[in-house]
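The structure under discussion appears below in the form of structure tokens.
Each ligand, and each atom within it, is numbered from 1 in the order the structure gives. What you see is a predicted model; the values in this text were computed from it and never measured.
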Amino acid sequence: MAKISVIGTGYVGLVTGTCFADIGHQVICLDINVHRIEQLIKGIMPIYEPGLKQIVEENVQAERLSFTTSYADALKEAEFAFIAVGTPSSEDGEADMQYVKQAVDSIVANLDHTIIIVNKSTVPVGTGDWVAEIIKDQNGLDAPGFSIVSNPEFLREGSAVNDFMQPDRVVLGSTDLDAANEVAELYEPLRSPIMITDLRTAEMIKYASNAFLATRISFINEMANICESLGADVREVARGMGMDKRIGPSFLDAGLGWGGSCFPKDVKALTHMADTRGAHPQLLQAVMDINQNQRSRTVQKLEKALGDLKGRRIGILGLSFKPNTDDTRDAPALDIIHMLLEKGAKVQAFDPQAMQASKDEIPALDLRQNPYEVAEGADALLLATEWNEFKSLNFVEIKVNMRGNVIFDGRNLWDGQALHNLGFTYFGIGVPTP
Ligand code: NAD
């Protein structure tokens, strides 16, 4: 079994480290966030991810998984160092590489033996070569002392453990085939297809995959807006399209669009890479514009339904960028709330997991304890995130609690006709208004 160090203990690092431990490897997870590591040592999860807490506990107990803030401890006997630190957007859309750079510098400063550095963070194409240069330039280390492998991660928050354990594919890129094969061995117990390619191609596969998925969502949202003007139903259109094997049904749900910590920054970063190399990423630009438009269009529709939003009370169900996560990074709900507040509306909201993060971003947010409290006194109710627990609400009670009767179903979750029959004015995305 291999000795693995994971640098960065967020959504990707903690899942990666825990799952590697679960398949038998000896793993130590490191973070510079002292509070995060202290919590993990006490058994408190710093993030909400279904199923993760239990596997962390089991593997800590089995002494295959531990946590540290010390690079020296983390790297002492490590054969592999997985980098899983954040790569957020900078002002101009370029990926901010400061955390990767810090991580690499710290690895170099504490490295006294041969190691394979595996990059799991989503990083601009060419980063693997750049990291190799940094390591060669510093500490006078000889090139054979380390190898660089790119291993982009495709897990989704909300189903991260399953995605890691049953990946559609594992992509590895390196100029050192032996190193790539050694990393491939770590994944062998998962019995998934493993693709080995060069460094830059592996890095690009991640961006191209995320850009394609974002494109599918923006595409169906554009179709939804066309359906609205033509009186067609985008849900049926998507179903009919999805039966075509060349198209497939995934990522064809019209709604408020994509958000989160990955699609927005990765599409921006890819656009930036293309722009700065003289390519013309027209499709990517349109994909981002359509997505942003989906949010402002929602506010315009509410304005049309309610008139001036000043003083209007809007209830929001769901704040995380998608269900089953507490992640609110670039969540459509929060963007829409900012716009509503700017227009003078009062906003009250509930989310099963993302209340604290939302309050941190929008202190003026009036948080409620459940959907029925969100409905109290509301002129309109907007469903922003399709958590399972919002699927079968008691709309009779909601109707009694509300001041108005407008329901804006931003994820096409509910039966519009049934809500219409209860006396609501129902709007979905790309579906006929009953
Ligand atoms: P995150 O923000 O949840 O976690 C990053 C962690 O890295 C934080 O805990 C931070 O304290 C730590 N960190 C920062 N600098 C450090 C350093 N120098 N040394 C040690 N730790 C450091 O980020 P995330 O969502 O896990 O994403 C990590 C990377 O994986 C990003 O590049 C992201 O694009 C990519 N990715 C994310 C997902 C996802 O669903 N979140 C999926 C695939 C790929």
Distance-only donor-acceptor check, side chains His338 and Glu361, under 3.5 Å | yes
Flag the pair Phe395 / Trp414 as yes when their ring centroid distance falls below 6.0 Å, and as no otherwise.
-> yes
Output field: ring centroids Tyr187/Phe20 closer than 6.0 Å | yes
Any N/O of Gly13 closer than 3.5 Å to an N/O of ligand 1?
-> no
Please list the nearest protein heavy atom to [atom] with its residue and the distance rounded to 0.1 Å.
atom	result
atom 41 (N) of ligand 1	Glu157 OE2, 2.7 Å
atom 4 (O) of ligand 1	Gly10 CA, 3.2 Å
atom 43 (C) of ligand 1	Glu153 O, 3.2 Å
atom 30 (O) of ligand 1	Val12 CG2, 3.5 Å
atom 9 (O) of ligand 1	Asp31 OD2, 2.6 Å
atom 35 (C) of ligand 1	Thr122 OG1, 3.5 Å
atom 42 (C) of ligand 1	Leu155 O, 3.4 Å
atom 28 (C) of ligand 1	Val85 O, 3.4 Å

What part of [X], side chain, backbone, both or neither, has a heavy atom within less than 4.0 angstrom of ligand 1?
X	result
Arg329	side chain
Pro152	neither
Ser261	side chain

If you count the non-hydrogen atoms of other residues, nucleotides and ligands that lie under 6.0 Å from NZ in Lys359, is the total more than 12?
-> yes
More than 12 heavy atoms from other groups under 6.0 Å of CZ on Phe154 | yes
State plainly whether the residues [X] and [Y] are in salt-bridge range, i.e. N to O under 4.0 Å.
X	Y	result
Glu157	Lys322	no
Lys301	Glu228	yes
Arg200	Asp198	no
Glu57	Lys53	yes

Side-chain donor-acceptor contacts of residues 69-85 below 3.5 Å, not counting sequence neighbours, with atom names and distances?
residue: Ser70; atom: OG; partner: Ala72; partner atom: N; Å: 3.3
residue: Ser70; atom: OG; partner: Asp73; partner atom: N; Å: 3.0
residue: Glu79; atom: OE2; partner: Lys3; partner atom: N; Å: 2.7

Is the closest side-chain heavy-atom distance between Asn119 and Ile148 below 4.5 Å?
-> no
Mind checking whether [X] has a heavy atom under 4.0 Å from ligand 1?
X	result
Ala103	yes
Lys265	yes
Lys101	no
Tyr71	yes

At their closest point, which heavy atom of Asn370 faces which heavy atom of Glu373, and how far apart are they?
-> OD1-N, 2.8 Å
Mark up the atoms of ligand 1 that fall under 4.0 Å of a heavy atom belonging to [X], in ascending order.
X	value
Thr87	31 (C), 32 (O), 34 (O)
Tyr11	3 (O), 25 (O), 26 (O), 41 (N)
Gly86	5 (C)
Cys262	36 (N), 37 (C), 38 (C), 39 (C), 40 (O), 42 (C)
Ala84	5 (C), 28 (C)
Arg36	9 (O)
Leu30	20 (C)
Ile7	19 (N), 20 (C)

Which of parallel (below 30°), tilted (30 to 60°) and perpendicular (above 60°) describes Phe390 and Phe350?
-> perpendicular
For Asp366, enumerate each residue passing the salt bridge (Lys or Arg N to Asp or Glu O under 4.0 Å) test, keeping only those at least two apart in sequence or located in another chain.
-> Arg368
